[in-house]
Amino acid sequence: MPRIFLSAGEASGENYGAALIPDIRRIVPDAEFFGLGGQRMATLGFRCVVRAEDVAVMGITEVILHMPRIYGEYRKLKASIREQRPDLAILIDFPDVNLSLARHLKRAGVPILYFVSPQLWAWKKYRIRDVQRYVDRMLVIFPFEEQFYRDRNVRATFVGHPLADLPLPGTSRETFARENGLDPSKQWIGLLPGSRMKEVRLNLPEMVKAAQALQHLSDYEFMLPLAPTLTSDQGAEIRAMLPADPTITVTLDARSTLRHARASVVASGTATVEAALIGNPFLVVYRVSPVSYAVAKRVVDVPHVAMVNLIAGRRAVPELIQGDYTAENVVSHLQPLLSDEAARAEMQNNLRQISDMLKAKGAEAAAIDRVAEIASQMLNTTGVGPEIPAQTH
């Protein structure tokens with residue numbers, strides 16, 4: 001009975017983990033899974049040694065603050081590896097924990113498949129040494145990452161982005177309006193402040209101010225989807241941050257929210273990729289603590305913050321970061337996306353191009369299927385699987 005150690009510590013990573021478990025079981029029916037994950041993975045029979053929500057912190061100051069607890073959870077994961085002796089490890093993103101686990105797993109003789117690359121091309125490039133030493137296969141979801149790793153002698157394959165394989169949400173506008181108490185005759189604006197509570201606390205207040213300013217210009221309705229990894233207490237805290245006027249309706253489905261919004265304000269992260277794939281005109285915002293931002297300015301080496309702009313290689317979507325992220329700037333950048341058909345069409349064309357780039361050329365299988373196939377090959381061969389030619393873009 002193959003045992004697979006699976007580590008997914010954030011909302012997007014847990015999504016991929018929950019998709020991988022049944023996909024691998026279709027190929028390896030008796031596979032068992034344990035490690036770091038969330039509730040959706042647990043409902044699929046995954047044994048949570050450590051819960052994802054217990055280690056999902058962000059930023060430099062926040063990690064330092066939570067270090068004793070994080071280290072305690074990390075020791076639990078190390079002990080489970082020692083006791084269970086997995087046949088394969090699949091590490092999903094979350095580099096602060098997973099690259100450390102990779103070192104421990106390699107010493108235990110466990111083959112390591114890393115799915116969703118750490119953003120080493122942006123900062124902490126020195127960590128490439130850990131990838132070179134400990135990771136057997138690197139499966140990446142952004143096209144430019146494959147060449148970055150291959151240039152550094154890492155076996156990397158662009159498998160496509162899993163979100164690019166999803167169909168558009170099927171819920172009609174009328175049904176979505178009825179389920180969420182919205183007026184289908186009005187224009188809706190999506191507000192997506194992030195999937196972690198620290199992000200929400202930093203990003204939501206300015207979104208609320210922008211919503212109040214926009215409400216004076218036209219009779220908009222606003223939607224705020226809650227990330228599934230947030231606890232009920234955190235959901236209650238978010239609701240308490242929302243004003244009585246204008247009404248900001250809390251939804252539970254980010255993709256349907258993006259599908260039906262006229263335009264959206266989206267915190268930098270996976271939701272920007274979802275917005276691009278769905279074709280919803282949007283602008284990217286982000287704010288971190290002053291200490292985290294000061295450090296990031298010194299060490300991050302990328303021309304854009306938003307992933308969609310890095311994929312496009314240009315500023316396809318507006319970015320408002322840190323001091324530039326003000327309600328006034330949000331309103332001025334959002335208005336053309338709401339009412340200027342030429343501006344909307346230009347952005348929607350940009351988003352279609354980005355969407356095409358997120359699909360692996362010539363691949364018949366979906367991204368998650370390709371990951372599951374490579375994982376099963378590694379289980380069967382106790383090796384790293386066959387080489388896959390580099391993508392050409």
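Quick caveat, the model's predicted, so the values are computed rather than measured.
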Partner of I141 under side chain to side chain contact (heavy atoms under 4.5 Å, CB included), chosen from V116, V273, L358, V371: V116
Side chain to side chain contact (heavy atoms under 4.5 Å, CB included) partner of F282, chosen from L258, L192, V308: V308
Ignoring hydrogens and geometry, is there a side-chain-to-backbone donor-acceptor pair from [X] to [Y] under 3.5 Å?
X    : Y    : value
Y16  : A8   : no
R155 : D136 : no
E274 : L163 : no
S339 : Q335 : yes
R259 : I278 : no
D30  : P2   : no
E174 : P184 : no
N309 : A316 : yes
Y286 : V305 : no
D165 : A367 : yes

Contact check, side chains of [X] and [Y], non-hydrogen atoms, under 4.5 Å:
X    : Y    : result
F5   : I81  : yes
I21  : I4   : no
L224 : L204 : yes
L20  : I368 : yes
E373 : I27  : yes
E199 : P193 : no
I189 : L214 : yes
R127 : P118 : no

Identify the two heavy atoms, one from [X] and one from [Y], that lie closest to each other, and give their separation to 0.1 Å.
X    : Y    : value
V250 : N180 : O-OD1, 4.2 Å
M378 : L113 : SD-CB, 3.9 Å
P225 : A254 : CB-CA, 3.6 Å
L168 : R255 : CA-NH2, 4.5 Å
S172 : H260 : C-CE1, 3.6 Å
A89  : L105 : CB-CD1, 3.5 Å

To the nearest 0.5 Å, what is the distance between [atom1] on [X] and [atom2] on [Y]?
X    : Y    : atom1 : atom2 : answer
E221 : D219 : CD    : CG    : 7.0 Å
D130 : K106 : CG    : NZ    : 12.5 Å
L91  : L139 : CG    : CG    : 11.0 Å
Y114 : L101 : OH    : CG    : 9.0 Å
R51  : E73  : CZ    : CD    : 9.0 Å
S268 : I321 : OG    : CD1   : 6.0 Å

Criterion side chain to side chain contact (heavy atoms under 4.5 Å, CB included) on I311 and M307, from CA distance to verdict: CA-CA 6 Å; I311 295 166; M307 180 56 71; 3.9 Å; yes
Summary of salt bridge (charged side-chain N to carboxylate O under 4.0 Å, His left out) pairs that have at least one residue in residues 312-326, sequence neighbours excluded: R315-E319
Mutual orientation of the aromatic rings belonging to Y220 and F222 [parallel < 30°, tilted 30-60°, perpendicular > 60°]: perpendicular
Parallel, tilted or perpendicular, as decided by the 30° and 60° cut-offs, for the rings of F176 and W188: tilted
Steps toward side-chain hydrogen bond (donor to acceptor under 3.5 Å, both in side chains) verdict (Y149, S117): CA-CA 10 Å; Y149 280 112; S117 164; 2.6 Å; yes
Side chain to side chain contact (heavy atoms under 4.5 Å, CB included) assessment of M207 paired with V285: CA-CA 9 Å; M207 289 186 184; V285 301; 3.7 Å; yes
Derivation of the side chain to side chain contact (heavy atoms under 4.5 Å, CB included) call for L320 and T326: CA-CA 8 Å; L320 299 175; T326 66; over 6 Å; no
With T157, the side chain to side chain donor-acceptor pair (under 3.5 Å) member among R137, E145, R370, E146: R137
When you compare the side chains of [X] and [Y], does any donor N or O come within less than 3.5 Å of an acceptor on the partner?
X    : Y    : result
S7   : N98  : yes
N280 : S264 : yes
D253 : T251 : no

Within one Ile-Leu-Val-Met-Phe-Trp-Tyr cluster: [X] and [Y], side-chain cutoff 4.5 Å:
X    : Y    : result
V208 : M223 : no
L182 : L242 : no
V159 : I354 : yes
V266 : M347 : yes

F46 and F34 aromatic centres sub-6.0 Å: no
R173 atom CZ, neighbour heavy-atom count above 12 within 6.0 Å: yes
cation_pi(R152, F148) dist<6.0 Å, angle<=45: yes
salt_bridge(E32, R47) N-O dist < 4.0 Å: no
Stepwise side chain to side chain contact (heavy atoms under 4.5 Å, CB included) test for L217 and V331: CA-CA 10 Å; L217 301 176; V331 171; 4.0 Å; yes
